[in-house]
2 protein chains.
Amino acid sequence: MEEIQLIFAKNLKMIREKEKLSLEKVSQLCGVSKTMIGQIERGESSPTLTTIWKIANGLKVSFTTLINNPQPDTEIIIREDVQLLSEDDGRYRVYPIFPFQEDSRFEIYTVEIEREGTLSAEAHKDGTEEFIMVFDGELVMRVNEDEYHLKRGDSIRFKADRPHIYRNPGDTLTKLSMTIYYPN
Amino acid sequence: MEEIQLIFAKNLKMIREKEKLSLEKVSQLCGVSKTMIGQIERGESSPTLTTIWKIANGLKVSFTTLINNPQPDTEIIIREDVQLLSEDDGRYRVYPIFPFQEDSRFEIYTVEIEREGTLSAEAHKDGTEEFIMVFDGELVMRVNEDEYHLKRGDSIRFKADRPHIYRNPGDTLTKLSMTIYYPN
DNA sequence: TCAAAATGTACAATATAACGACCGTTATGT
DNA sequence: ACATAACGGTCGTTATATTGTACATTTTGA
């Protein structure tokens with residue numbers, strides 16, 4: 001998402017104001033135009049790797065400082081605010097609720113599959129595991145050559161470093177949560 | 001410099017090959033065009049912050065992994081390879097020998113000033129210190145309202161968070177080393 | 001109080017990042 | 001050996017990052 005732009009923007013502005021520098025000064029310090037610095041601070045531009053480097057170097061701050069997102073202790077995610085990923089002619093909907101984080105190394109989605117909807121997934125990175133919990137409807141998981149039939153309340157864990165298919169065999173909408181863990 | 005591009009390029013290619021992924025696969029995984037991935041790997045493109053994020057997220061690697069430069073234990077820098085920064089109508093030359101590093105927090109230059117050459121420096125970030133050693137010729141340092149006259153072999157250390165001026169008052173070329181330390 | 005400088009933004013021009021379609025070469029498999 | 005798919009790269013087009021100039025507003029200083 002463009003989330004990262006806003007994080008960068010906020011950090012840059014914070015640093016600049018803490019150091020009491022004008023856009024002009026930062027511009028000279030970094031060798032990047034004043035205009036560009038301004039646009040980046042307003043989240044209007046997605047700076048290039050080289051300009052990111054120029055800024056980090058000019059301000060003598062670490063790369064990480066600029067892209068680091070200070071997470072609040074508590075955060076609430078509203079369903080409507082989550083960008084949905086849909087395919088198979090809209091027969092399923094994927095909501096990335098908690099995106100991947102480098103430290104925790106997992107991400108959590110909720111998924112809705114319409115009747116007869118199918119979701120085919122490529123093999124993920126080596127060692128990846130998935131944890132599925134069915135909250136509504138039914139689910140048929142196909143991993144390798146094996147099929148598993150899950151009903152409401154059932155759960156499944158499997159190595160996801162191989163192709164796998166989610167299918168709703170029933171008449172009602174299937175709702176499930178999907179946690180994906182990527183080992184180091 | 002475009003150094004950072006090549007670092008990113010090398011890291012990306014290394015990761016892709018370690019995971020045995022094709023450009024196509026990486027493209028799908030990240031939502032970035034195959035062409036772009038290829039160009040980045042070849043160091044031909046300076047990716048945007050958002051595409052950097054897409055790649056890091058798609059590959060499930062940390063931002064830092066992609067821009068990290070594994071420093072060799074020993075490194076030799078050839079004078080001719082150093083990009084020189086020159087001004088005052090070429091009356092002085094600045095060579096960035098050891099650029100700034102986040103961990104060590106200092107950078108080292110060598111500087112040559114022709115006769116009557118002058119180098120005016122803005123105030124650096126708060127708390128910054130400079131360490132100058134004169135190897136050839138003479139140097140007049142002006143810090144605040146004070147002037148210091150240095151001869152070959154002399155050295156000076158001063159708080160550089162205020163404007164300061166380097167001047168060669170003599171007839172011969174002045175050569176010096178300049179170390180700048182930026183505290184956290 | 002008023003002129004002059006400083007500060008952040010708007011705009012037009014240019015450079016280049018990003019994409020999709022196409023191409024030549026190299027694996028693949030039957 | 002042959003057809004097919006996979007792979008990495010090139011090319012032309014589009015989107016957008018980046019720059020310099022100009023502008024409106026605020027700050028500064030005497």
Side-chain angles (χ1 to χ4, degrees), chain A residues 1-59 63 66-67 85 87 120 122-123 125 162-163, chain B residues 1-59 63 66-67 85 87 120 122-123 125 162-163:
Chain A
M1 329 316 182
E2 42 144 24
E3 188 69 8
I4 186 68
Q5 274 191 37
L6 303 178
I7 295 173
F8 192 96
K10 209 188 305 178
N11 287 333
L12 175 54
K13 186 159 197 176
M14 202 154 24
I15 292 171
R16 184 173 70 85
E17 290 176 346
K18 199 184 65 175
E19 303 283 347
K20 291 194 182 53
L21 299 170
S22 67
L23 289 181
E24 177 73 27
K25 270 281 165 52
V26 173
S27 169
Q28 297 168 215
L29 242 36
C30 302
V32 175
S33 73
K34 185 178 57 166
T35 307
M36 185 51 20
I37 301 290
Q39 288 186 11
I40 293 171
E41 274 195 0
R42 274 173 269 131
E44 296 174 8
S45 184
S46 181
T48 282
L49 178 59
T50 56
T51 73
I52 296 174
W53 185 86
K54 285 182 189 171
I55 293 173
N57 196 251
L59 260 31
F63 221 95
L66 288 168
I67 55 160
L85 312 168
E87 272 180 54
S120 301
E122 295 287 318
K125 186 173 165 180
R162 59 209 67 178
Chain B
M1 327 310 180
E2 38 143 27
E3 190 70 8
I4 185 70
Q5 274 191 37
L6 302 178
I7 295 172
F8 192 96
K10 209 188 305 178
N11 287 333
L12 175 54
K13 185 160 196 175
M14 202 151 27
I15 293 171
R16 184 172 70 84
E17 290 177 346
K18 199 183 65 174
E19 303 283 346
K20 294 195 181 49
L21 299 171
S22 67
L23 290 180
E24 178 73 27
K25 269 280 165 53
V26 173
S27 167
Q28 296 169 216
L29 242 37
C30 303
V32 176
S33 75
K34 183 179 62 166
T35 307
M36 187 46 28
I37 301 289
Q39 287 186 8
I40 293 171
E41 274 195 1
R42 273 173 272 129
E44 296 174 7
S45 184
S46 182
T48 283
L49 179 59
T50 56
T51 75
I52 296 174
W53 185 87
K54 285 182 189 172
I55 292 173
N57 196 252
L59 260 31
F63 222 95
L66 288 169
I67 56 160
L85 312 168
E87 272 180 53
S120 300
E122 295 286 319
K125 185 174 166 179
R162 59 209 68 175

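Here is how names work: the chains are called A, B, and so on, in the same order as the sequence lines, proteins then strands, and each is numbered from 1.
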In numerical order, the residues of residues 13-26 of chain A whose heavy atoms come under 4.0 Å of DNA chain C are A:Arg16, A:Ser22, A:Leu23

Going through the checks in order, is the side-chain contact (heavy atoms from CB on, under 4.5 Å) test met by A:Leu49 and B:Thr48?
CA-CA 6 Å; A:Leu49 178 59; B:Thr48 283; over 6 Å; no

How close do B:Lys125 and A:Leu59 get, heavy atom to heavy atom, and via which atoms?
NZ-O, 3.8 Å

How bent is the helix from C:dT1-D:dA30 to C:dT30-D:dA1, measuring the angle between the end axes built from five pairs each, rounded to 10°?
40°

How does protein contact run along nucleotides 14-29 of chain C, one letter per nucleotide 5' to 3', with B for base contact, S for sugar-phosphate only, - for none, heavy atoms under 4.0 Å?
---SBBBB--------

Only one of B:Val26, B:Leu12, B:Asn11 passes side-chain contact (heavy atoms from CB on, under 4.5 Å) with B:Glu41, and that residue is B:Leu12

A:Lys25 atom NZ: more than 12 heavy-atom contacts under 6.0 Å:
no

For B:Pro47 and B:Phe8, the nearest pair of non-hydrogen atoms, with its separation, is CG-CE2, 4.1 Å

For the side chain of B:Ser45 and the backbone of B:Gln39, is there at least one donor-acceptor N/O pair under 3.5 Å apart?
no

Give me the atom names and distance for the closest heavy-atom approach of A:Ser27 to A:Lys34.
OG-N, 3.3 Å

Rounded to the nearest angstrom, tell me the gap between atom CD in B:Glu41 and atom P in D:dG9.
7 Å

Say whether, by atom type as modelled, one donor and one acceptor occur between the side chain of A:Arg162 and the main chain of A:Ala123 under 3.5 angstrom.
no

